[in-house]
Amino acid sequence: MASPAESSRRREEDRTPSPSRSSSSRPSKCRTAAERLTDDLLVEVLSRVPAKSLCRFKCVSNHWLSVIDHPDHRKKLPQTLTGFFHGSSNLEDWILESPVLFTSVSPSPPMDTSFAFLPNHQQFDLLDSCYGLLLCRLYNVSAEVGKCHYVVCNPATEKWVLLPDSGQDSVNACLGFNPALSSHFHVFELVEEQDNYISGVAVYSSETGVWVYKENRWNKRVMLIELQPSFVFLNGYLHFQVDGHDFSRYLAVVDTDGETWMNFSVPGGLLNGFIQHSQGRLHYANFQRDEHGGVFRLVVYVLENYQSKEWTLKHSVETSYILGRTDYCIDGFDWIAIHPECNLIFFTIGQELKLMCYNMDRRQLKVICNLEVQYIFYF
């Protein structure tokens with residue numbers, strides 16, 4: 001039988017808020033619906049909002065701030081851009097070969113790039129990344145010697161999934177994932193003919209666990225651009241640049257079901273541009289000569305409407321202002337990324353491969369670091 005002191009202590013413990021509930025001291029009848037959420041439910045809700053909104057929610061209360069910043073919860077919540085994977089690249093297939101490096105562009109814990117949690121991690125190719133998930137190609141993880149397999153992993157949680165064989169012979173694979181819409185991911189394989197034209201697309205769904213192949217339904221024959229291709233998954237569609245048989249540059253679009261196929265011209269007929277998604281919209285960055293003075297400008301366009309295929313000029317600045325010269329033919333120049341939540345453009349420049357950040361709002365240029373790698377590829 002418990003003593004009076006133990007009974008009193010137990011009654012006191014029963015009145016102590018559970019660690020999984022809000023620490024608000026207000027009476028339950030006076031609390032808002034948000035205050036009555038358990039921490040587990042709160043994390044589940046917050047895991048589906050954009051990273052920019054998550055930053056704002058830190059101001060709701062001290063309790064919300066502690067929940068969002070808790071190390072165990074950070075692995076489940078969306079994070080803004082922290083840095084880039086890079087290293088030596090297979091320039092023929094445009095893949096990142098192990099070992100890989102990681103360069104941070106914001107305050108964050110060091111990133112372990114050994115990928116020791118993966119089987120046979122000593123030899124793998126990093127193919128794509130999307131909202132914290134990575135698509136890799138691993139070798140010799142099955143009884144078939146020399147056979148490679150796709151693996152989708154989360155380096156923050158060290159969880160990984162081995163995908164079944166698609167049955168296709170393809171070197172161009174990319175990842176589609178948006179945790180704000182679904183916990184499931186998709187992997188796309190662009191299947192090419194012998195003449196390098198795309199014959200179809202195979203799509204893997206983590207929800208069904210199977211691959212589905214659909215033949216090309218674009219209204220023209222297209223092939224991937226020869227330069228480093230960039231793939232963008234946005235609004236349930238995969239976007240990538242292609243060259244048509246008419247020698248024109250297009251943007252090809254296909255959905256996760258392989259039922260919707262679109263293609264439309266890039267803005268202003270510009271070639272060798274760079275596509276990214278930022279703030280929920282598709283962006284296209286490139287260099288363009290001024291029609292009047294012959295001055296080169298860095299221009300950024302935004303796709304406003306898929307139906308009208310209308311691009312709107314978002315930003316324009318003379319190259320002399322950001323590159324120190326009137327053209328853009330500079331050794332080591334390469335597009336890296338457009339920040340997913342704000343108006344920042346990342347690129348490298350010079351033989352030292354300076355990693356630069358250009359702020360479109362403030363029109364300011366910042367040097368982040370020197371990468372100093374001869375052959376480099378980024379995710």
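Owing to the predicted nature of the structure, the values given are computational and were not obtained by experimental measurement.
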Is any side-chain N of the basic residue among Lys309 and Glu304 closer than 4.0 Å to the acidic one's carboxylate O?
no
Ion pair present between Arg221 and Asp195, side-chain N to carboxylate O less than 4.0 angstrom?
yes
Can you tell me if [atom1] on [X] sees more than 12 non-hydrogen neighbours from other groups inside 6.0 Å?
X      : atom1 : result
Tyr237 : OH    : no
Lys354 : NZ    : no
Glu215 : CD    : no

Give a yes or no on whether the ring-centroid distance for His239 and Tyr306 is below 6.0 angstrom.
yes
Distance flag, aromatic centroids of Phe84 and Phe346, threshold under 6.0 Å:
yes
Aromatic plane relationship, Tyr204 with Phe185 - under 30° parallel, 30 to 60° tilted, over 60° perpendicular
tilted
When the ring planes of His186 and Phe188 are compared, do they come out parallel, tilted or perpendicular, using 30° and 60° as the limits?
tilted
Checking side-chain contact (heavy atoms from CB on, under 4.5 Å) against Tyr301, which of Glu310, Gln288, His283 comes through?
Gln288
Shortest non-hydrogen pair, His149 vs Leu163, comes out as ND1-O, 4.0 Å
For Asn343, the option from Gln279, His315, Arg362 that meets side chain to side chain donor-acceptor pair (under 3.5 Å):
Gln279
